[in-house]
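First up is the structure itself, then whatever we jot down about it.
The sequence lines fix the lettering, A, B, ..., with proteins before strands; numbering per chain opens at 1.
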Number of protein chains: 2
Amino acid sequence: MVRTKVEIKRIEDKAKRHTTFTKRRQGLFKKAKELVKRCDAQAAVITFSLAGNIFAFGHPSVDSVVNRYTAAPEQDEEAEKKGEDGVVDEETKEDEETGMFEVPVKDMDMEELEKLNVAMEEMKKKVVDRINGIVSSSKNEEDLGLP
Amino acid sequence: MVRTKVEIKRIEDKAKRHTTFTKRRQGLFKKAKELVKRCDAQAAVITFSLAGNIFAFGHPSVDSVVNRYTAAPEQDEEAEKKGEDGVVDEETKEDEETGMFEVPVKDMDMEELEKLNVAMEEMKKKVVDRINGIVSSSKNEEDLGLP
DNA sequence: ATAGCTATGTTTAGTAA
DNA sequence: ATTACTAAACATAGCTA
């Protein structure tokens, strides 16, 4: 059969999901390259597959775009709230509402703040490492079936 | 006239270029959202128009994807011995000595980790803002004596 | 995992508002 | 800056290899 109208929701079948990821990732990168070239703009695209593979594209480079974004005074975050497929925005908002850390930053003095900052840096590394660890493990599991 | 075969090169006319940028940026973001939703992947897109406007989208957040990219061990490395869960163990021990965060990162699943990551991002901003606030005020006090 | 195929849904250049 | 319109160009689901 040929193509039918497709609903944008999570693909349950693992193999299909990966195939679709590969195709759509290629399409996304192509679009980004066209945008950059036709409009003389700067852009970066970073993707992680569930298997943990990293794919990134950036013009003039991923790092330069990321740095510029990080250093931007005000991040407009103009990620639309139009709610077409905007499920992602809701999830992000949900995260903001979790309020995992209710530390009274306002009342801390400089010394406390510096300690807190260092502690957070270390914790952050742990979390990222843990994420990468999980991803790597699942990647290994998937690879078991391959020759 | 309707559309002709288009060559992917820089659009010289400024107004046209901006119009195309707006359209194609929207298309790019839509594609990114579909990729995230259908394939359950993480992705971030950051664009700067020539006018300097920032547009960014990320799941679960721009920062988390950027940080994960920055912290990635090696770009296309196959998961080998480093992917075991035990990576975090030593640092966790160290953390207990600090006593500031007793969060059991080791036992958290992916979803929890993502939320934690986002929560830390925001907390970090608060702390940095607070530090900047202190620095600014003390700076102002010093400035009182200057011409 | 990635590539070719094809029918069909989707995006977008050109234009005007 | 963004939006509506339309037809041509384009991307891609479902297959196969």
Which nucleotide, C:dT11, D:dA13, C:dA13, lies nearest any side-chain atom of B:Arg24?
C:dA13

Give me, pair by pair, the N or O atoms of the protein and of nucleotides 3-5 of chain C that are less than 3.5 Å apart, along with how far apart they are.
{"unit_1": "C:dA3", "atom_1": "OP2", "unit_2": "A:Gln26", "atom_2": "NE2", "d": "3.4"}

Would you mind reading off the distance between A:Arg17 atom CZ and D:dA13 atom P, rounded to a whole angstrom?
14 Å

Measuring from A:Gln42:CD to B:Ile54:CD1, what's the distance to the nearest 0.5 Å?
10.5 Å

Grab the CD1-P distance between A:Ile11 and D:dA13 for me, whole Å please.
7 Å

On a heavy-atom basis, which atom in A:Glu12 and which in A:Arg17 lie closest, and how many Å separate them?
O-NH1, 3.2 Å

Without decimals, in angstroms, what is the distance between B:Lys33 NZ and C:dT10 C1'?
17 Å

Which heavy atom in A:Val65 sits nearest to a heavy atom in A:Ala43, and how many Å separate them?
CG2-O, 3.7 Å

Let me confirm one number: the OG1-CD1 distance from A:Thr70 to B:Ile46, rounded to the nearest 0.5 Å.
7.0 Å

Closest-nucleotide ordering on DNA chain D, the 5'-leading residue of B:Lys31 and B:His18
B:His18

Non-hydrogen atoms of A:Ala41 and B:Phe21 that approach each other most closely:
CB-CE1, 3.6 Å

B:Leu28 CG to C:dT12 P: how many Å, rounded?
9 Å

How close do A:Ala32 and B:Leu28 get, counting heavy atoms only, and between which atoms?
N-CD1, 3.7 Å

Kindly determine whether A:Tyr69 and B:Asp63 satisfy side chain to side chain contact (heavy atoms under 4.5 Å, CB included), including the steps that lead there.
CA-CA 10 Å; A:Tyr69 172 79; B:Asp63 288 343; 3.7 Å; yes

Donor-acceptor pair, A:Arg38 side chain versus B:Ile11 backbone, under 3.5 Å?
no

Side-chain N or O of A:Lys30 versus OP1/OP2 of D:dA11: is the shortest distance under 4.0 Å?
yes

Rounded to the nearest angstrom, tell me the gap between atom CG in B:Asp13 and atom P in C:dA16.
13 Å

Calculate the interatomic distance between A:Leu35 atom CG and D:dC10 atom P; express it in whole Å.
16 Å

Defining pairs by Watson-Crick or G-U wobble geometry with both distances under 3.5 Å, how would you list the stems of DNA chain C with at least three pairs each?
C:2-17 with D:2-17

Closest non-hydrogen atom pair, A:Gly52 against B:Arg68
CA-NH2, 4.4 Å

Measure the distance from NZ on A:Lys16 to C1' on D:dT12 and round it to the nearest whole Å.
14 Å

Distance check needed: C:dG14 P versus A:Arg38 CZ, whole Å only.
7 Å

